[in-house]
J.: 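Have a look at this one before I ask anything.
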Amino acid sequence: MTAHVLMLSSSRQGDEAYLEHARSLILAHLGSIRDLIFIPYAAVTQSYDNYVSAVASALPECNVTGLHTFDNPIQAINNAKVNNQAIVVGGGNTFHLMHTIYQQNLLAPLQHAIAESTPYIGWSAGSNICGQSIRTTNDMPIVEPKSFNALNVVPFQLNPHYSDYHPPGHNGETRDQRLAEFTVLNPGTPVVAIREGTALSLSQQKLTLVGEKGGFIFLGDEKRSIAPNDDLTELLNSSL
């Protein structure tokens with residue numbers, strides 16, 4: 001079995017409507033599947049029910065059910081493939097998402113479901129957790145999860161919402177400087193930085209950057225550009 005995973009950088013790009021740019025990518029990734037188990041645990045300032053409603057409104061073709069509504073969330077994840085369902089994880093705070101996944105004992109079931117080809121779609125925090133760990137998220141650690149170790153669907157780090165814009169007069173560290181801090185201490189671990197409006201697609205053991213913008217791979221003291229539709233499959237063999 002092989003993973004079938006879509007890792008979107010963001011739910012929006014620019015001033016567009018919620019999931020507007022992502023909708024076609026999501027539906028293409030789903031194929032004929034229209035039943036979604038949505039994991040809303042990255043939400044902090046909105047209720048899980050409202051989060052599910054927002055996703056359902058943005059994806060009217062789909063039946064969206066929040067994982068928090070199941071009596072047995074682990075069983076729901078375990079049965080997703082048999083029930084012809086996909087797993088979708090939204091954005092918000094990555095630390096809160098990871099904390100709740102550990103709290104609910106969902107890490108291993110999610111890893112198993114993905115390994116067994118249950119389609120997975122994430123954006124922002126939902127993409128962050130597909131990497132080796134959540135140590136390169138942009139989010140504030142508002143809660144301490146049991147571990148920073150994530151799903152490890154891909155053997156590298158992700159940085160969604162990547163931007164190299166440096167506001168005039170801003171004296172804080174840039175995104176590049178923050179990612180360089182990670183790669184200095186972890187020189188053998190790549191960080192794939194993807195801009196809003198783009199995604200990484202993992203399917204049939206092939207990894208591709210999709211969208212209209214490029215991104216970057218940070219490794220050691222190097223920063224390498226990647227372009228739309230680039231084949232990044234070599235990163236699946238990264239030595240961590």
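The shown structure was predicted, so the numbers you read here are calculated from the model rather than taken from an experiment.
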J.: Can you tell if the side chain of Tyr162 reaches within under 4.5 Å of the side chain of Asp176, non-hydrogen atoms only?
T.: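 Contact flag for Tyr162/Asp176 side chains = yes.
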
J.: What's the spacing between Ile87 CD1 and Ile77 CD1 if we round to 0.5 Å?
T.: 4.0 Å

J.: Decide yes or no for Leu67 and Gln104: does some side-chain heavy atom of the first lie under 4.5 Å from some side-chain heavy atom of the second?
T.: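 A side-chain contact under 4.5 Å is absent here.
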
J.: Go through the steps for His29 and Leu25 under the test side-chain contact (heavy atoms from CB on, under 4.5 Å), then give the verdict.
T.: CA-CA 6 Å; His29 187 79; Leu25 293 174; over 6 Å; no

J.: Is there a path of hydrophobic side-chain contacts, each under 4.5 Å between heavy atoms, that joins Phe216 and Val192?
T.: no

J.: Measure the shortest side-chain to side-chain distance between Leu27 and Arg34 over non-hydrogen atoms and say whether it is less than 4.5 angstrom.
T.: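 With C-beta onward as the side chain, the pair touches.
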
J.: Ignoring hydrogens, what is the shortest heavy-atom contact between Arg135 and Gln157? Give both atom names and the distance.
T.: N-NE2, 3.7 Å

J.: Let's go through Ile39 and Leu97 carefully: what are the C-alpha distance in whole Å and the side-chain angles of both, what is the deciding distance for side-chain contact (heavy atoms from CB on, under 4.5 Å) to 0.1 Å, and is it a yes or a no?
T.: CA-CA 9 Å; Ile39 300 178; Leu97 172 61; 4.2 Å; yes

J.: Would you call the rings of Tyr41 and Tyr48 parallel, tilted or perpendicular if under 30° counts as parallel and over 60° as perpendicular?
T.: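 Rings of Tyr41 and Tyr48: tilted, 30 to 60°.
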
J.: Starting from Leu236, can I reach Leu6 by hopping between I/L/V/M/F/W/Y residues whose side chains sit under 4.5 Å apart?
T.: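 Shared cluster, no.
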
J.: Side chains of Asp35 and Asn83: closer than 4.5 Å at any heavy-atom pair?
T.: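 Heavy-atom side-chain distance check fails, nothing below 4.5 Å.
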
J.: Output, in order, the C-alpha distance, side-chain angles, deciding distance and verdict of side-chain contact (heavy atoms from CB on, under 4.5 Å) for Leu30 and Cys62.
T.: CA-CA 10 Å; Leu30 290 173; Cys62 299; 4.0 Å; yes

J.: Output the distance between atom CD1 (Ile194) and atom CD1 (Ile226), rounded to the nearest 0.5 Å.
T.: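 Here the interatomic distance stands at 8.0 Å.
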
J.: I'd like to know if Phe182 and Phe148 are part of one continuous hydrophobic network [Ile/Leu/Val/Met/Phe/Trp/Tyr, side-chain heavy atoms within less than 4.5 Å].
T.: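 The answer is no; the residues belong to distinct hydrophobic clusters.
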
J.: Do side-chain atoms of Ser47 reach the backbone of Asn50 as a donor and acceptor pair under 3.5 angstrom?
T.: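 Indeed, once roles are kept as given, a pair shorter than 3.5 Å links the two residues.
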
J.: If you count the non-hydrogen atoms of other residues, nucleotides and ligands that lie under 6.0 Å from CD in Glu181, is the total more than 12?
T.: yes

J.: Checking the side chain of Ser10 only, and the main-chain atoms of Glu196 only, is there a donor and an acceptor separated by less than 3.5 Å?
T.: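 No: the side chain of Ser10 does not pair with the backbone of Glu196.
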
J.: Restricting to non-hydrogen atoms, name the atom on Gly90 and the atom on Ala42 that form the minimum distance, rounded to 0.1 Å.
T.: O-CB, 3.7 Å

J.: Is the backbone of Gln75 close enough, under 3.5 Å, to the side chain of Asn72 for a donor and an acceptor to pair up by distance?
T.: yes

J.: Just so I know, are the side chains of Val143 and Met98 near enough to count as touching, which here means a heavy-atom distance under 4.5 Å?
T.: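 With C-beta onward as the side chain, the pair stays apart.
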
J.: Hey, quick one: are Leu106 and Phe95 part of the same hydrophobic cluster, counting side-chain heavy atoms closer than 4.5 Å, chains of contacts allowed?
T.: yes

J.: Looking only at non-hydrogen atoms, find the nearest pair between Asp49 and His68 and report the distance.
T.: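 Scanning both residues completely, I find the closest heavy atoms to be OD1-NE2, 2.7 Å.
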
J.: Which of these passes side-chain contact (heavy atoms from CB on, under 4.5 Å) with Leu232: Val154, Leu200, Leu202?
T.: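 Of the listed options, the one satisfying the test is Leu200.
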
J.: Can you tell me if Thr136 uses its side chain to pair, donor with acceptor, with the backbone of Leu158 under 3.5 Å?
T.: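 Checking the backbone N and O of Leu158 against the side chain of Thr136, a donor-acceptor pair under 3.5 Å is found.
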
J.: Side chains of His21 and Glu16: any donor to acceptor distance under 3.5 Å?
T.: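 Yes, a side-chain donor-acceptor pair sits under 3.5 Å.
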
J.: Can you tell me how far OG1 of Thr2 sits from CD of Gln204, rounded to the nearest 0.5 angstrom?
T.: 5.0 Å

J.: Take atom CD in Glu61; do more than 12 heavy atoms of anything else shown fall under 6.0 Å from it?
T.: yes

J.: Is there a donor-acceptor pair closer than 3.5 Å between any side-chain N or O of Thr208 and the backbone N or O of Val210?
T.: no

J.: Quick one: pull up CG in Leu110 and SG in Cys130 and give me the separation to the nearest 0.5 Å.
T.: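 Output value for this atom pair is 9.5 Å.
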
J.: Indicate yes or no: at least one non-hydrogen side-chain atom of Tyr120 is less than 4.5 angstrom from one of Leu151.
T.: yes

J.: Should Ile101 and Val153 be regarded as members of a common hydrophobic cluster, given that ILVMFWY residues are connected when their side-chain heavy atoms come within less than 4.5 Å of each other, either directly or indirectly?
T.: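 Yes; Val153 is reachable from Ile101 via cluster members.
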
J.: For the residue pair Pro160 and Ser124, what are the closest heavy atoms and their distance?
T.: CG-O, 3.8 Å

J.: Please answer whether the main-chain N or O of Gly220 pairs with a side-chain N or O of Thr183 as donor and acceptor at a distance below 3.5 Å.
T.: yes

J.: Going by the angle between their ring planes, with limits at 30° and 60°, are His166 and His170 parallel, tilted or perpendicular?
T.: perpendicular

J.: With heavy-atom distances below 4.5 Å as the criterion, would you say the side chains of Met7 and Leu207 are in contact?
T.: yes

J.: Taking only residues at least two apart or on different chains, which pairs with a member in residues 162-173 satisfy salt bridge (Lys or Arg N to Asp or Glu O under 4.0 Å)?
T.: Asp164-Arg195, Glu173-Arg178

J.: Working to the nearest 0.5 angstrom, can you tell me the gap between His4 NE2 and Ile33 CD1?
T.: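 It comes to 7.5 Å.
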
J.: With heavy-atom distances below 4.5 Å as the criterion, would you say the side chains of Val55 and Tyr18 are in contact?
T.: yes

J.: To check you understand the geometry: which heavy-atom pair defines the closest contact between Ala76 and Ile37, and what is its length?
T.: O-CD1, 3.5 Å

J.: Test of understanding: with side-chain hydrogen bond (donor to acceptor under 3.5 Å, both in side chains), list the residues that count as partners of Thr233, not counting sequence neighbours.
T.: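 Expected list: Asp231.
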
J.: Is a donor from one side chain sitting under 3.5 angstrom from an acceptor on the other, for Asn138 and Asn159?
T.: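 On atom types as modelled, these side chains qualify, holding a pair under 3.5 Å.
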
J.: Which heavy atom of Ile134 sits nearest a heavy atom of Asn128, and at what distance?
T.: CG2-O, 4.4 Å

J.: Starting at CG of Leu179, measure out to CG of Leu219 and round the result to the nearest 0.5 Å.
T.: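 That separation rounds to 12.5 Å.
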
J.: Can you tell me if CD on Glu144 sees more than 12 non-hydrogen neighbours from other groups inside 6.0 Å?
T.: no

J.: May I have the step-by-step check of side-chain contact (heavy atoms from CB on, under 4.5 Å) for Leu8 and Leu19, ending in yes or no?
T.: CA-CA 10 Å; Leu8 295 149; Leu19 292 178; 5.5 Å; no

